[in-house]
Participant: 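First, the structure itself, so that you have it in front of you.
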There are 2 protein chains.
Amino acid sequence: MSRFRTPKEIFFVTWVQVLKMRFETSTIKDIAKALGLSTSTVSRALRDRYEISEETKKLVLAYAEKVNYRANPIARSLKERRSYSIGIIVSEIANNFFSQVINGIESIAYDRDYHVIISQSHESYKQEKLNVEHLASRSIDGLLIALSSETQDIDYLRDLYSKGLPIVFFDRVPENFETHKVIANNFKGSFDATEHLILSGKRVIAHLTNSETLSNTKERLEGYKAALSKYHIEFKPELVKYCQHGGMHSAELEQAVKELLPLKPDGIFISSDRLTTGCILALKNTNPEVAHKIAIAGFTNSNLVELFSPSLTSVKQPAFEIGQVATELLISMIEAKRPITEFETRVLDTELVRMKKNLGNRYL
Amino acid sequence: MSRFRTPKEIFFVTWVQVLKMRFETSTIKDIAKALGLSTSTVSRALRDRYEISEETKKLVLAYAEKVNYRANPIARSLKERRSYSIGIIVSEIANNFFSQVINGIESIAYDRDYHVIISQSHESYKQEKLNVEHLASRSIDGLLIALSSETQDIDYLRDLYSKGLPIVFFDRVPENFETHKVIANNFKGSFDATEHLILSGKRVIAHLTNSETLSNTKERLEGYKAALSKYHIEFKPELVKYCQHGGMHSAELEQAVKELLPLKPDGIFISSDRLTTGCILALKNTNPEVAHKIAIAGFTNSNLVELFSPSLTSVKQPAFEIGQVATELLISMIEAKRPITEFETRVLDTELVRMKKNLGNRYL
DNA sequence: AAAAAGTGTGCAAACGTTCCCAAAAACGTT
DNA sequence: AACGTTTTTGGGAACGTTTGCACACTTTTT
């Protein structure tokens, strides 16, 4: 019995394989041959190096144009050991905040000739780690990441960082990790929102928030507390509810609402996009009769808040700008002449969008 | 006077360049050397080829594991002339429909070891073309695309296709382009929505829709017409408003609303996600007094419809599934043994989510 | 006992670039 | 006229893989 020496795979020729034969994309070599030059000269001419005479450059450029030459970025990446691409990790692109951040990132990246690869963690630590490692193995030049709500252990990021992968955190940033970070002014945003609730006469203000471990959870809690304290309202821990999964599971939210309502809050301050919309939904689903009696203020970048009923006061983060700034910092790290040692944490102000009284109250 | 022979660039050493020296990622060569084997053997062992003895395989695998070997996908891409990545073009990731499609795409792609690169056209033809060409030059193995609302000329896609780039269209598909396509059952979705409006007593039903050139615009118009006709309601062309930019500019929507209202519609059927939310916003902004008097039914995949006021009846597309099916078709093309000649257009059913009476009417 | 077949491994070329190093050409200077 | 300089070009290795082919060794067949 002999082993199968010529297994099927050998005859398995895919369409790509057939096509690549005539997917005739001209290379530097072709140009060189056609023009009777060497590949080095052509390469340099195309990259507009000083060593090449104007004449030759013109010649090469014209011919390249004629045959519609496109440099092969893969080959370039291999040679230069970098990919001109940056990785992005967010929990969910369907989240308005993150999609706006991504738009900001792209606006800068494309300008600087980087391209971006987006990955979603879906608020799962496992998924996050998997994606980051996948990206790293695709040799991205840098990473922009907002941690998932589950993430506690960031040693895997430390590892990559110490191996030379530039990383910039945004929105959800770790505490003990020395690199650039870009966040919204969470304290002030929360303070303003809570104060707004107080000024409109609310006294029992609950706080619904994300996983306790997230950086912005802490900051937002502080803002909430500070506002209460300014108006001499006692802080009651039982009015604060944490959602481990960031509102990814509706059960989690309904549970939180269920626990909160018996405490008779007349206002709720909610600290994240997904939680805000999720909470209103849960409220409407489980206790429609009180949904319109509780004033709500929350972080959200939804551009549809004006449509919501019950209406709410929202804290809008400068998402686009956060993306831009983070990208600028990242690219500066990537292209820095020496390892960076001075890191900055940029804090961008939020905007409070007050509920429109005329609309908001009409249906109360 | 001599030219500057040693320009600054020569001394411009970036951090990446420094780092890649010690970004010690072990290669096949290293493994080979360490184990006293040839690179070919190692390569084959890692790819689990039949020619290599079990013994050697074990050895190699163990060592690779030990030094945490990661294959360099760039090198592999260069050699194999494919990148194991597929490009996606949508108009806007912030759009619920598209972000759900993307989730569907990813769910399949990652399983099959492809990774995805997302680009946004922002409903601009120019941007779309630019992005596609950028992706193509990054040697994606295939393309999934929903055309922008501006797009008329798809010759540039034909070009790439004829050069061997597999393309699958979804949602917005061209007519005269022979390839796989995946769409929702737009006719039925529109019919159902329009019928729903009629059955709830509306008789003057306007239709707000996307650019006239889009495939699904036509199909949805037909569904709308068919429902009218079934109930012997005369079709009036002046009740149909097209939005060239798909609602990207609020002025466009406000203009449409302004033109529509004098015709005293008691119902509006809207044919796209962005238009639906945009129209309600425009209605509320320009004519809040009538906003709640007009029944609205529209395509949208927003998971927040329940929060909207005025509430609406929505047509939900099976976005996730559309993404999955499109990806499966694309990968089948990429990996096909011979050029495909039989193409299919998959049509997936939509779901009508009726407005909740108890909520919807409470504030009328 | 020799030939044939089966099995495991290695050599070397290729993928399309970039860039170091040298060589050739053009130009001045003595 | 011979030699330095400056400017322009080319040769060829390298980046990390994959793979056709050749080779050597082992086993089976005749």
Side-chain angles (χ1 to χ4, degrees), chain A residues 1-7 9-10 12-13 16-17 20-21 23-33 35-57 59-60 64 69-84 137-139, chain B residues 1-7 9-10 13 17 20-21 23-33 35-57 59-60 64 69-84 137-139:
Chain A
M1 283 300 104
S2 78
R3 271 208 267 155
F4 197 15
R5 272 303 269 169
T6 39
E9 337 164 20
I10 286 189
F12 181 78
V13 180
V16 258
Q17 283 170 325
K20 64 192 175 196
M21 320 195 84
F23 203 0
E24 39 168 296
T25 143
S26 46
T27 75
I28 265 188
K29 224 185 264 176
D30 300 330
I31 300 185
K33 200 175 296 169
L35 261 39
L37 292 170
S38 73
T39 58
S40 3
T41 306
V42 175
S43 169
R44 279 186 274 242
L46 289 170
R47 326 202 88 227
D48 198 27
R49 299 290 225 194
Y50 66 97
E51 309 129 293
I52 303 298
S53 68
E54 283 308 318
E55 227 176 341
T56 318
K57 273 185 193 166
L59 194 68
V60 171
Y69 168 80
R70 322 248 117 220
N72 181 329
I74 306 252
R76 189 151 113 98
S77 289
L78 180 60
K79 182 74 228 231
E80 297 194 349
R81 300 162 110 179
R82 51 179 303 199
S83 60
Y84 295 94
S137 90
R138 309 269 338 172
S139 25
Chain B
M1 282 300 104
S2 77
R3 274 208 263 154
F4 197 12
R5 275 302 273 165
T6 38
E9 337 163 20
I10 286 189
V13 180
Q17 283 170 325
K20 64 192 174 193
M21 322 195 82
F23 203 177
E24 38 166 301
T25 144
S26 47
T27 75
I28 263 188
K29 226 185 264 176
D30 300 330
I31 301 185
K33 201 174 296 168
L35 261 38
L37 291 169
S38 74
T39 57
S40 10
T41 306
V42 175
S43 170
R44 281 187 269 244
L46 289 170
R47 325 203 86 226
D48 199 25
R49 299 290 223 194
Y50 66 99
E51 310 128 293
I52 304 298
S53 69
E54 282 310 317
E55 226 175 342
T56 316
K57 274 185 192 167
L59 194 69
V60 171
Y69 167 80
R70 323 247 117 221
N72 181 330
I74 306 255
R76 189 151 112 99
S77 289
L78 181 59
K79 181 75 224 212
E80 297 194 351
R81 300 164 110 179
R82 53 181 302 201
S83 59
Y84 295 93
S137 90
R138 309 274 329 175
S139 28

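The chains referred to below are lettered A, B, ... by the order of the sequence lines, with proteins before strands, and numbering in each begins at 1. Note that the coordinates shown come from a computational prediction; the quantities given were computed from them, not determined experimentally.
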Participant: Tell which nucleotide pairs with C/dG10, taking only Watson-Crick or G-U wobble pairs whose two distances are both under 3.5 angstrom.
Facilitator: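 Partner of C/dG10: D/dC21.
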
Participant: Looking at C/dC20, D/dG20, D/dT17, which one has an atom nearest to any side-chain atom of B/Arg44?
Facilitator: D/dG20

Participant: Starting at the 5' end of DNA chain C and moving along, which residue's nearest nucleotide shows up first, A/Ser43 or A/Lys29?
Facilitator: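 Comparing both residues, the 5'-ward one is A/Lys29.
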
Participant: Do A/Leu78 and A/Ile74 have side chains that approach each other closer than 4.5 Å (heavy atoms only, starting at C-beta)?
Facilitator: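 Of all side-chain heavy-atom pairs linking A/Ile74 with A/Leu78, none is under 4.5 Å.
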
Participant: So if I take every side-chain heavy atom of B/Lys79 and compare against C/dG16, C/dT18, D/dG16, which nucleotide ends up nearest?
Facilitator: D/dG16

Participant: Take atom CD1 of B/Ile74 and atom C1' of C/dT18, then tell me their distance rounded to the nearest Å.
Facilitator: 15 Å

Participant: Just the rounded figure in Å: distance from P of D/dT19 to CZ of B/Arg82.
Facilitator: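 Roughly 11 Å, once rounded to whole Å.
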
Participant: For the pair A/Leu35 and A/Val42, evaluate side chain to side chain contact (heavy atoms under 4.5 Å, CB included) and give the outcome as yes or no after the intermediate values.
Facilitator: CA-CA 9 Å; A/Leu35 261 39; A/Val42 175; 5.6 Å; no

Participant: Regarding C/dG16, can its base be found pairing with the side chain of A/Arg70 as donor and acceptor, where the two atoms are less than 3.5 Å apart?
Facilitator: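 Such a pair does not exist between side chain and base.
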
Participant: Could you please name the option among C/dT17, C/dG10, C/dC20 that lies closest to any side-chain atom of A/Thr27?
Facilitator: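 Selected nucleotide: C/dT17.
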
Participant: Is A/Arg49 close enough to C/dC19 that one of its side-chain N or O atoms is under 4.0 Å from OP1 or OP2 there?
Facilitator: yes

Participant: Please tell me if A/Ser38 has a side-chain N or O lying less than 4.0 Å from either OP1 or OP2 of D/dG10.
Facilitator: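 Yes.
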
Participant: If you only use heavy atoms from C-beta on, which nucleotide in D/dT19, D/dG12, C/dC21 is closest to the side chain of A/Thr39?
Facilitator: D/dG12

Participant: Search all heavy atoms of B/Ile28 against all heavy atoms of B/Tyr69 and return the closest pair with its distance.
Facilitator: CG1-OH, 3.5 Å

Participant: Counting side-chain heavy atoms from C-beta on, which of C/dG16, C/dT9, D/dT18 comes nearest to A/Asn72?
Facilitator: C/dG16

Participant: Send over the distance from B/Tyr84 OH to D/dT17 P, rounded to a whole Å.
Facilitator: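 Atom OH in B/Tyr84 sits about 14 Å away from atom P in D/dT17.
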
Participant: Indicate, with a heavy-atom threshold strictly under 4.0 Å, whether A/Leu37 touches base, sugar-phosphate, or nothing.
Facilitator: sugar-phosphate

Participant: Nearest to the B/Ile28 side chain among D/dG10, D/dT9, D/dT17, which nucleotide is it?
Facilitator: D/dT17

Participant: From the list C/dC15, C/dC11, D/dT9, which nucleotide is the closest neighbour of the side chain of B/Leu78?
Facilitator: C/dC15

Participant: Using a 4.0 Å heavy-atom cut-off, does B/Ser77 contact any base of the nucleic acid, only the sugar-phosphate backbone, or nothing at all?
Facilitator: nothing

Participant: Contact class for A/Ser40 vs. all strands (heavy atom < 4.0 Å): base, sugar-phosphate, or nothing?
Facilitator: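 Since a base atom lies under 4.0 Å of A/Ser40, the category is base.
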
Participant: If every non-hydrogen atom of B/Ala45 is compared with every non-hydrogen atom of B/Ile52, which pair is closest and at what distance?
Facilitator: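 Minimum heavy-atom contact is N-CG1, 3.9 Å.
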
Participant: Any side-chain heavy atom of B/Thr25 sitting closer than 4.5 Å to one from B/Asn72?
Facilitator: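 No, too far: nothing below the 4.5 Å cut-off.
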
Participant: Closer than 4.0 Å, any side-chain N/O of B/Arg81 to the OP1 or OP2 of C/dG16?
Facilitator: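 Answer yes for this pair, as a side-chain N or O of B/Arg81 is under 4.0 Å from OP1 or OP2.
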
Participant: Nearest-Å distance, CD (B/Glu80) to C1' (C/dG16)?
Facilitator: 15 Å

Participant: Can you list the residues that meet the side chain to side chain donor-acceptor pair (under 3.5 Å) rule with A/Thr56, with sequence neighbours excluded?
Facilitator: A/Ser53

Participant: Expressed in angstrom and rounded to an integer, what is the separation of A/Ile52 atom CD1 from D/dT6 atom P?
Facilitator: 19 Å

Participant: Just how far, in rounded Å, is C1' of D/dT7 from NZ of A/Lys57?
Facilitator: 12 Å

Participant: Report yes if a side-chain nitrogen or oxygen of B/Tyr50 is closer than 4.0 Å to either non-bridging phosphate oxygen (OP1 or OP2) of C/dG6; otherwise report no.
Facilitator: no

Participant: How many Å lie between CG on A/Leu46 and P on C/dT18, as a whole number?
Facilitator: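 For the pair A/Leu46 CG and C/dT18 P, the rounded distance is 8 Å.
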
Participant: Rounding to an integer number of Å, can you tell me how far A/Glu51 CD sits from C/dA23 C1'?
Facilitator: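 Whole-Å distance recorded here is 15 Å.
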
